[in-house]
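In what follows, a structure is listed as structure tokens, so that the remarks can point back to it.
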Amino acid sequence: MTTLFNKTTKSATPYKSQDATTLLRADHKLVSGLFEDYEKASTKAMKKKLVRKICMELSVHAQVEEEIFYPAVKQALKDNELVPEATVEHATLKSLIAQVDGFEPDGEMLDAKIKVLQEYVKHHVKEEQDEMFPKAKATKLDMLELGDMMTARKLELIADRS
Ligand SMILES: [Fe+2]
Ligand SMILES: [Fe+2]
């Protein structure tokens, strides 16, 4: 996790620190675009590829939030509502992901599950972006440091999955 930030790696890989919520918003936007691509996809192969990508992106994103962002926000806000609720929503997301990840496209049922997942993600993202992120940004949390930690963890998780 720290190797990304030692001097040798840093000079070898151009890397710019990003604010934690900027990173998370970028993930949200990416996934929303993938859902739109799924709606337009016309072949089983295209759908299969998109489902795999959606599941990967959502799983990694949720894990990084749960391991790094949510605990930091919970502590900084002394929160006992937003983070627990978001964590419960992640559990529902994971169960929906488990119903589509790795399955062969099977027509209308897969389309229905992806649609439900899309709507659920939309609801969850809206709560994060409209409520949690503004409150988190108003605290003394170092958003750039959190962003660096999240980027490093995300790269690790993606490497583990490929
Ligand atoms: Fe989340
Ligand atoms: Fe999120």
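We use all heavy atoms of the structure for the numbers below, so side chains are in, but hydrogens, waters and symmetry mates are not. Note that the numbering runs from 1 along the sequence shown for the chain. All ligand and atom numbering here is 1-based and tracks the order in the structure.
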Just to the nearest 10 degrees, tell me the angle at the Fe ion (ligand 1) spanned by H124 NE2 and Y70 OH.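 Taking the Fe ion (ligand 1) as the apex, I get 90° for this pair.
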Angle at the Fe ion (ligand 1), OE2 of E128 to OE1 of E65, rounded to 10 degrees, please.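 The OE2/OE1 angle about the Fe ion (ligand 1) sits at 90°.
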Among E89, H28, E119, which residue satisfies the side-chain hydrogen bond (donor to acceptor under 3.5 Å, both in side chains) criterion with H124?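 Passing option: E89.
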Is there a donor-acceptor pair under 3.5 Å between the side chain of T22 and the backbone N or O of Q18?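 Not confirmed, T22 side chain does not pair with Q18 backbone.
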Tell me, please, if H90 has any N/O/S atom, main chain or side chain, under 2.8 Å from the Fe ion (ligand 1)?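 Yes - counting backbone and side chain alike, H90 has an N, O or S atom under 2.8 Å.
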Looking at the Fe ion (ligand 1), is there an N, O or S atom belonging to E89 that lies under 2.8 Å away from it?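 Given the 2.8 Å cut-off, E89 does not count as a ligand of the Fe ion (ligand 1).
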Does a salt bridge link E128 with R25, judged by any charged N lying under 4.0 Å from a carboxylate O?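 No, E128 and R25 are not salt-bridged.
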Pair K135 + D79, salt bridge at N-O below 4.0 Å: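 Result for this pair is no, no salt bridge flagged.
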V121 and side chain to side chain contact (heavy atoms under 4.5 Å, CB included): which partner among I97, L58, L96?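 In the set I97, L58, L96, the residue that makes a side chain to side chain contact (heavy atoms under 4.5 Å, CB included) with V121 is L58.
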Write the atom name of the N, O or S atom in H28 that is nearest the Fe ion (ligand 2).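 Closest N, O or S atom of H28 to the Fe ion (ligand 2): NE2.
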